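All values reported here derive from a predicted model rather than from experimental measurement.
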Amino acid sequence: DYAHHPTEIAATLDTAASMTKGRILCVFQPHTYTRTRELFKDFAEVLGRADEVILLDIYAAREPDLGLVHARDLVDSILKTGRHAAYASSFKEAADMVRKLANPWDLVITMGAGDVGHVADLLLHPSPAQSK
């Protein structure tokens with residue numbers, strides 16, 4: 001899902017919740033440092049609607065990393081609300097986490113405006129070593 005703004009994320013997660021018997025696992029890649037910083041509280045609130053959240057590094061697009069915000073900060077904020085969240089430093093790590101967490105009937109959503117779709121590719125087309 002291209003959702004990269006809290007309002008879009010909320011709509012996607014709310015719709016997903018109405019469509020599954022299982023949990024919602026969300027792999028999210030924030031898009032741009034400024035957007036993540038400016039909407040930080042809103043991101044943490046809406047991402048907490050998922051049963052499990054895996055955050056990837058912020059997709060910088062055109063921006064330099066000034067060190068003011070990191071995906072791990074969002075993880076910490078979500079965890080403080082009592083929800084489940086984890087940080088993945090790579091697409092492979094995120095896919096591995098999903099494989100460990102997902103159960104039958106769970107819905108896995110990859111979300112963001114960057115290249116987070118690589119996680120879905122790894123889940124749908126695992127290498128022979130990953131499928132063991």
Side-chain angles (χ1 to χ4, degrees):
D1 190 277
Y2 185 78
H4 60 288
H5 186 277
T7 304
E8 296 166 351
I9 294 167
T12 299
L13 293 177
D14 290 347
T15 300
S18 72
M19 299 175 62
T20 185
K21 295 177 183 179
R23 300 173 307 148
I24 299 170
L25 284 68
C26 176
V27 180
F28 181 65
Q29 181 184 42
H31 185 251
T32 74
Y33 298 103
T34 54
R35 178 181 292 127
T36 302
R37 187 162 183 248
E38 289 171 8
L39 300 173
F40 185 88
K41 288 181 183 179
D42 294 332
F43 278 122
E45 187 274 318
V46 299
L47 288 168
R49 294 181 186 188
D51 297 291
E52 300 283 348
V53 180
I54 300 167
L55 278 123
L56 292 159
D57 286 322
I58 296 170
Y59 186 79
R62 64 205 170 272
E63 295 183 342
D65 181 1
L66 302 176
L68 301 175
V69 67
H70 192 279
R72 286 185 293 255
D73 300 328
L74 276 172
V75 169
D76 292 342
S77 186
I78 294 166
L79 290 172
K80 286 178 184 173
T81 69
R83 304 299 294 176
H84 295 246
Y87 169 73
S89 62
S90 69
F91 300 131
K92 180 186 179 313
E93 183 179 5
D96 290 345
M97 292 169 109
V98 169
R99 283 189 195 91
K100 289 178 184 172
L101 291 169
N103 296 308
W105 299 107
D106 287 348
L107 180 61
V108 177
I109 301 172
T110 58
M111 186 178 291
D115 49 1
V116 66
H118 290 302
V119 175
D121 292 340
L122 290 170
L123 291 169
L124 294 171
H125 309 288
S127 68
Q130 291 173 318
S131 60
K132 291 182 180 179

To the nearest 0.5 Å, what is the distance between [atom1] on [X] and [atom2] on [Y]?
| X | Y | atom1 | atom2 | answer |
| --- | --- | --- | --- | --- |
| Ser89 | Leu56 | OG | CG | 9.0 Å |
| Asp14 | Ile9 | CG | CD1 | 11.5 Å |
| Leu74 | Leu79 | CG | CG | 10.5 Å |
| Thr32 | Arg62 | OG1 | CZ | 6.0 Å |
| Leu122 | Glu93 | CG | CD | 12.5 Å |
| Met111 | Leu47 | CE | CG | 7.5 Å |

If two hydrophobic side chains count as joined below 4.5 Å and joins carry through other members, does [X] share a cluster with [Y]?
| X | Y | value |
| --- | --- | --- |
| Ile109 | Leu123 | no |
| Val119 | Phe28 | no |
| Val53 | Val69 | yes |
| Leu101 | Tyr87 | no |

*Kindly check if the number of other-residue, nucleotide or ligand heavy atoms within 6.0 Å of CZ (Arg37) is above 12?*
no
_Parallel, tilted or perpendicular: rings of Tyr59 and His31 (30°, 60°)_ = parallel
Minimum heavy-atom distance between [X] and [Y], given as atom pair plus value:
| X | Y | value |
| --- | --- | --- |
| Thr20 | Ile24 | CG2-CG1, 4.2 Å |
| Glu8 | Ala3 | OE1-CA, 3.5 Å |
| Thr15 | Ala11 | OG1-O, 2.8 Å |
| Ala10 | Arg49 | CB-NH1, 3.3 Å |
| Leu107 | Ala16 | CD2-CB, 3.5 Å |
| Met97 | Ala86 | CE-CB, 3.3 Å |

Quick one, [X] and [Y] - any side-chain contact, counting heavy atoms below 4.5 Å?
| X | Y | value |
| --- | --- | --- |
| Phe43 | Pro30 | no |
| Asp51 | His84 | no |
| Ile54 | Leu25 | no |
| Ile78 | Leu55 | yes |
| Phe91 | Asp121 | no |

*Could you walk me through whether Thr34 and Glu63 pass the side-chain contact (heavy atoms from CB on, under 4.5 Å) check?*
CA-CA 8 Å; Thr34 54; Glu63 295 183 342; 2.5 Å; yes
*Measure from the side-chain N and O atoms of Arg35 to the backbone N and O of His5, and report whether any donor-acceptor pair falls under 3.5 Å.*
no
_Strictly distance-based, threshold 3.5 Å: is any side-chain N or O of Asp42 a donor or acceptor partner for the main-chain N or O of Leu39?_
no
*Run the numbers on Thr36 and Asp73 for side-chain contact (heavy atoms from CB on, under 4.5 Å), then give the verdict.*
CA-CA 10 Å; Thr36 302; Asp73 300 328; over 6 Å; no
*Does the pair Lys92/Asp96 count as a salt bridge with the N-to-O cut at 4.0 Å?*
yes
